[in-house]
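Here is the structure we will look at.
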Amino acid sequence: MFTNAIVRTPGRSIVEGLSNSKTLGLPNYKQAIIQHQSYIDALTKCGLDVHVLEPCEEYPDSTFVEDVALITPNCAIITRPGAPSRRGEVYDIEFVLKQRFNNIEVIDAPGTIEGGDIMMVGDHYFIGLSERTNLEGARQIIKILKKYDMSGSTISLKKVLHLKTGLSYLEKNNLVVCGEFINDSCFEKYNQIEIPENESYAANCIWVNESVIIPLGYPTVKQRIMNAGYTVIETDVSEFEKLDGGLSCLSLRY
Ligand code: CIR
């Protein structure tokens, strides 16, 4: 059960955010603001108290708050993003989290890790080794998790940006899987909700207190998650998709 979320309003500099997309074009700032508000509304509808941080123009990708911290029930961990242009985002989030949590830990150089590469399954955390998250970052975070009676394990990514680009845990042993994660033995004990490649963007969705928030426009994903017994809430995040950002990366939930 989550009670709170932290989000950051996109700044005008969002148009300069990192992107691997060659076809989707640049995000539209005004549209991004509208979509961000709808996202906040969806979290609120699921019962969360949403704390909205001011835009941070200096960091174009700073609306993707999930990447700069991991909040667990026992501690909050400030990450060290693998993308050099995002490294400075951590200072403000550290300030924000210090006001809320007692146990704050940090990842140090040369470790790199981004929250999009961390998937919580109860008190175990799967960590994707990616272009953004290195072995040293994973080693440090697993050590911290152990210190607080939790555990972690790694999985190497082949194609996707982040682990949760292709995986989402929906509690009750239900796992959304797509692309390179289908048939992966690491996840064989979970009930797998398989997502077709043409709807892969919606593999990044979030469980919030018995509801699942998914991006708007993915009918197969919507149906399969509804069939698994969840209330589905759709929200349009197409402006964030243009920067390779999914639903999960727009908030820290705890
Ligand atoms: C980036 O490349 O860092 C941002 N444009 C998108 C980050 C997406 N974050 C996530 O999936 N957790």
Heavy-atom count around [X] [atom1] within 6.0 Å, excluding the residue itself: above 12?
X: Glu131; atom1: CD; answer: no
X: Glu54; atom1: CD; answer: no
X: Tyr91; atom1: OH; answer: no
X: Asn183; atom1: CG; answer: no

Pick out which of [options] makes a side-chain contact (heavy atoms from CB on, under 4.5 Å) with [X].
X: Ile155; options: Leu167, Asp184, Ile127; answer: Asp184
X: Leu157; options: Thr133, Leu163, Thr165, Leu129; answer: Leu163
X: Val212; options: Ile225, Ile206, Ile233; answer: Ile225

Salt bridge (Lys or Arg N to Asp or Glu O under 4.0 Å) for Glu210 and Lys172? Distances and angles first, verdict last. CA-CA 10 Å; Glu210 304 315 326; Lys172 297 182 186 159; 3.0 Å; yes

Between [X] (side chain only) and [Y] (backbone N and O only), is there a donor and an acceptor less than 3.5 Å apart?
X: Thr112; Y: Gly82; value: no
X: Gln31; Y: Glu239; value: no
X: Thr44; Y: Ile40; value: yes
X: Arg86; Y: Phe64; value: yes
X: Tyr169; Y: Asn173; value: yes
X: Asp123; Y: Met150; value: no
X: Asn204; Y: Leu247; value: yes
X: Asn209; Y: Phe2; value: yes
X: Arg224; Y: Ile195; value: no
X: Gln35; Y: Ser238; value: yes

Assess whether a salt bridge exists between [X] and [Y], defined as any Lys/Arg side-chain N lying under 4.0 Å from an Asp/Glu carboxylate O.
X: Arg132; Y: Asp67; value: no
X: Arg80; Y: Glu114; value: no
X: Lys164; Y: Asp117; value: no
X: Glu234; Y: Lys222; value: yes
X: Glu105; Y: Lys147; value: yes

Which pair of non-hydrogen atoms, one from [X] and one from [Y], has the smallest distance, and what is that distance?
X: Ala69; Y: Leu252; value: O-CD2, 3.4 Å
X: Glu89; Y: Asp61; value: OE2-C, 3.6 Å
X: His124; Y: Ser151; value: ND1-OG, 2.7 Å
X: Pro81; Y: Val68; value: CG-CG1, 4.0 Å
X: Leu26; Y: Val15; value: CD2-O, 3.5 Å
X: Gly111; Y: Asn134; value: CA-OD1, 3.6 Å

Looking at Phe126 versus Phe187, is the centre-to-centre ring distance below 6.0 Å?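 Ring-ring flag for Phe126/Phe187: true, centres closer than 6.0 Å.
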
Ring centres under 6.0 angstrom apart (Phe101, Tyr254):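 Yes - the distance between ring centres of Phe101 and Tyr254 falls below the 6.0 Å cut-off.
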
With rounding to the nearest 0.5 Å, note down the distance linking [atom1] in [X] to [atom2] in [Y].
X: Thr235; Y: Leu250; atom1: OG1; atom2: CG; answer: 9.5 Å
X: Asn191; Y: Leu170; atom1: CG; atom2: CG; answer: 10.5 Å
X: Trp207; Y: Cys46; atom1: CH2; atom2: SG; answer: 9.5 Å
X: Cys178; Y: Asn198; atom1: SG; atom2: CG; answer: 9.0 Å
X: Ser38; Y: Ile213; atom1: OG; atom2: CD1; answer: 11.5 Å

Phe181 versus Leu175: any side-chain heavy-atom pair under 4.5 Å?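 SC-SC contact between Phe181 and Leu175 ruled out.
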
Using a 4.5 Å cut-off on heavy atoms from C-beta on, say whether the side chain of Ile144 contacts that of Ile107.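 Touching, per the 4.5 Å side-chain cut-off.
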
Quiz question: by atom type and distance under 3.5 Å, do the side chains of [X] and [Y] form a donor-acceptor pair?
X: Arg8; Y: His36; value: no
X: Asp236; Y: Tyr39; value: no
X: Tyr59; Y: Ser13; value: no

